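As structure tokens, the structure follows; a few thoughts come after it.
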Protein chains: 4
Amino acid sequence: MPPTSKSSSNPPAKRGGGKGERTRARILGSATEVFAESGYSAARVADIAQAAEVAHGTFYTYFDSKRDVFKALADDVVDEIFAALKGGPNLGSTPLERIHNANARYIDLYGSHAVILALIEQVATSDAEFLGTRLDLRRRFIARVERAVKRMIETGQATGIDGLDPHIVANALGGMIDNFCYAWFVLKEPFEKEAALHTLDTIWANALGLQRPAKG
Amino acid sequence: MPPTSKSSSNPPAKRGGGKGERTRARILGSATEVFAESGYSAARVADIAQAAEVAHGTFYTYFDSKRDVFKALADDVVDEIFAALKGGPNLGSTPLERIHNANARYIDLYGSHAVILALIEQVATSDAEFLGTRLDLRRRFIARVERAVKRMIETGQATGIDGLDPHIVANALGGMIDNFCYAWFVLKEPFEKEAALHTLDTIWANALGLQRPAKG
Amino acid sequence: MPPTSKSSSNPPAKRGGGKGERTRARILGSATEVFAESGYSAARVADIAQAAEVAHGTFYTYFDSKRDVFKALADDVVDEIFAALKGGPNLGSTPLERIHNANARYIDLYGSHAVILALIEQVATSDAEFLGTRLDLRRRFIARVERAVKRMIETGQATGIDGLDPHIVANALGGMIDNFCYAWFVLKEPFEKEAALHTLDTIWANALGLQRPAKG
Amino acid sequence: MPPTSKSSSNPPAKRGGGKGERTRARILGSATEVFAESGYSAARVADIAQAAEVAHGTFYTYFDSKRDVFKALADDVVDEIFAALKGGPNLGSTPLERIHNANARYIDLYGSHAVILALIEQVATSDAEFLGTRLDLRRRFIARVERAVKRMIETGQATGIDGLDPHIVANALGGMIDNFCYAWFVLKEPFEKEAALHTLDTIWANALGLQRPAKG
DNA sequence: AATGAATGAGAATTCATTCAT
DNA sequence: TATGAATGAATTCTCATTCAT
């Protein structure tokens, strides 16, 4: 996970171990906390600065506005997720293994970025750019699922969804994972990881009509 | 718990067909539009009043605050959804028919209230009461799904999820419908109703391992 | 002098004898005072509001910004001056009388608007629109002088400036009046009106080489 | 009164060709540019420093404040102009020649310092000291003109302004030159030097009623 | 001396809410 | 009840100046 972030428009130092860079990082951290605590709209720049233990004005040494810190935060998360979604096919010798790995990866990814993901959702309501981000995020994920579903149909591995539109199937099954993560990590519904994963895997397998290899 | 909107604390007329009631309704309508357009935080009372073609001050003749109109709007939706969720079991002679009817009902319900539902989500971020509302809404829906799943297991209709926790299954399958509706009605992803419903029904049936009655 | 002013972009009332209009007028008056006292940059909206005895926020009910009040003020003055400059030729049976009347008019006009004129000058330094205003004001005045000078040359009334460019002559003589007014009304150099006018008239007459009619 | 800049209160080097002195000069130069570009109030110390290619903080190694650089700049100009105005009588064997030389000198002086002169004007609006400077500048110039006018009246060289107050005449004719320079160098109205000078000389001569020596 | 990060005192602006008519 | 002017608290953002290194 590289500490990328490329949106801050007000960089006093050229990144590195300098004092400025540490302050910037502290502000980013505080911003995440404050946004998580109060939501985007209710968060005040003054609070972020205070949480970062810098003067109010110092915030503006590093970021142009509240939106700008948020964009920095969001860009980092989006980059990382896109990178993960672009990564090669999921490993595994059976379709079920590959589904399991994909679900596990998505859950981990979501879990690490749940706060920012939920915030992007929120902000998207009144900011066209983030609405785009939000849609993009979903579409790329669904597209990946859709490709996998098509492949499984073509190779005869999925036999339960003949005649269904893979795009709709992908939206349903992808959305299932997404929503589950949302409930789990954003709404904080308590789930036990092993059981949750196993359940989701099974539902996928059943839904697609996977040819169950003699397993255990 | 009165069945309809209970939050407006400033009722100038005693409800009915009076002029006051019509004005109040107009403000509620404009509020929905303005909230939908700008999001809750960015929406301005002045805009709502203007859209309702009343003076800025008149807004406060009917509602105590911006939050108050929103609560009136949300309460109506929440009441209606709760009523629907409390309603008797879904009709249908086969499990698949009952699932189909439940899904169709949920989709219709979501579709009619998508705007407010999305707004409740937003507001929940910084308002404890609406956070409660939001959780309640999900939990009641999931609980209903959970009851149905349990019943199908107990009656031997669902054979594919032996050993899985019905609570997790319900969260997954219920969340699938919820997320699909979200993509469809909030994010405006275009889906064709017949195909979508049929796909969702099939995935449920497959996932649960429904004993397919010889159908058509 | 009509109380025109057309730039305020935030009009709560449609002008008239209403309360709003009176408040607006009071703010315009206070703005003039505060600008005169502190200069444009140093003037604070809070001071203008306080001087007008309204709440700080009330200022924004009538004007969008500090610049906006200033524009309202400037536009009024500019309109009036343009109207005066567009007015028919100066009356008088002899060239000297006409010059005298023109000078007297200009002095009166400048005197009534000295504060705003000086402010426009100031603001022009860092605001392109007002720089345009300022140039326009000068050019229209000079153009008028230039036409008069040309006419006097053509009719043989001015015999002292043969071979000179009337445009330069107009800039010099027009500028002389302008600068005199500036010293008088802005820098507050004390001059006695009769003497000043007579001196300026005489210099014009001499400079142009007016055929002195046997006068007194 | 030391002959050169006396205001910088923060001299790191003892003036001379040292590095410090060169840096100081660079800052003064950048300050002129930035002030000219944006006006005094809108000019930012950060911009001046950047234009001088020094760190923001370095500015304060050489000057105490934004006002302080400006004062250094203004003092240099004021000193030079005062020196010129104090200089001996203008050379020339005829009054017209002397007027011509005086006008030419003033125009050159104004031309070289137009930027700072215009800025002093601006700053005078909200700074008592510079208001004094501004008045002083004008009064000294007018006083010199007044002395010349009186001399020409007394020696019978000026016959056109009998009975007029030489103080008013000086304000008018001196102001004419001043305003012309203002239009030319500050407002950037394009004038051709030869023609402009000749026109101004002629107007002076005519206005004063100079006895035209048989010329050329 | 030089650097540039940090400071914090303003100043502008917004907008929910109140209130006199 | 309806109106819309008035209020002022809350927030953002700016930038001259200071200061540790």
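So that the names make sense, note that chain A is the first sequence line, chain B the second, and so on, each numbered from 1. The structure presented is a predicted model; accordingly, all values stated were derived computationally and were not measured.
The nearest pair of heavy atoms linking B/K66 to B/A43 is NZ-O, 2.9 Å. When all heavy atoms of A/A72 and A/R24 are compared, the closest pair comes out as CB-NH2, 4.3 Å. Shown here for C/G39 and C/Q122, the closest heavy-atom pair between the two residues is CA-NE2, 3.8 Å. Residues D/T23 and D/T58 come closest through the heavy atom pair CG2-CG2, 4.5 Å.
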Original post:
Base, backbone or nothing for each nucleotide of nucleotides 12-17 of chain E, written B, S, -, heavy atoms under 4.0 angstrom, 5' to 3'?
Top reply: SBBSSB

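Going from atom CZ of D/R22 over to atom C1' of E/dA2 covers 15 Å, rounded to whole Å. The nearest whole Å value for the distance from the OH atom in C/Y62 to the P atom in F/dG4 is 12 Å. Atom-to-atom, OH of A/Y40 to C1' of F/dT11 comes out at 13 Å; the value is rounded to the nearest Å.
Side-chain contact between C/F63 and C/V45 is absent, with no heavy atoms from C-beta onward closer than 4.5 Å. A/F59 has its side chain within reach of A/V69: a pair of non-hydrogen atoms, C-beta onward, lies under 4.5 Å apart.
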**OP:** Whenever both distances are under 3.5 Å in a Watson-Crick or G-U wobble pair, mark it; put DNA chain E into dot-bracket that way, with [ ] for crossing pairs and | when the partner is on another strand.
**Re:** .||||||||||||||||||||

Per-pair distances, 0.1 Å, donor-acceptor, side chain in residues 28-36 of chain A, under 3.5 Å, sequence neighbours excluded:
residue : atom : partner : partner atom : Å
A/S30   : OG   : A/R26   : O            : 2.9
A/S30   : OG   : A/A52   : N            : 3.1
A/T32   : OG1  : A/L28   : O            : 2.9

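When the side-chain contact (heavy atoms from CB on, under 4.5 Å) test is applied to A/R67, the partners found at least two apart in sequence or on another chain are A/Y40, A/S65, A/K71, A/D127, A/E129, A/F130. Residues forming a side-chain contact (heavy atoms from CB on, under 4.5 Å) with A/A42 (at least two apart in sequence, or on another chain): A/S38, B/S126.
Listed in residue order, the members of residues 47-55 of chain C having a heavy atom less than 4.0 Å from DNA chain F are C/V54, C/A55.
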Subject >> Verdict with reasoning, B/I120 to B/V78, per side chain to side chain contact (heavy atoms under 4.5 Å, CB included) >> reply: CA-CA 10 Å; B/I120 291 174; B/V78 168; 4.1 Å; yes

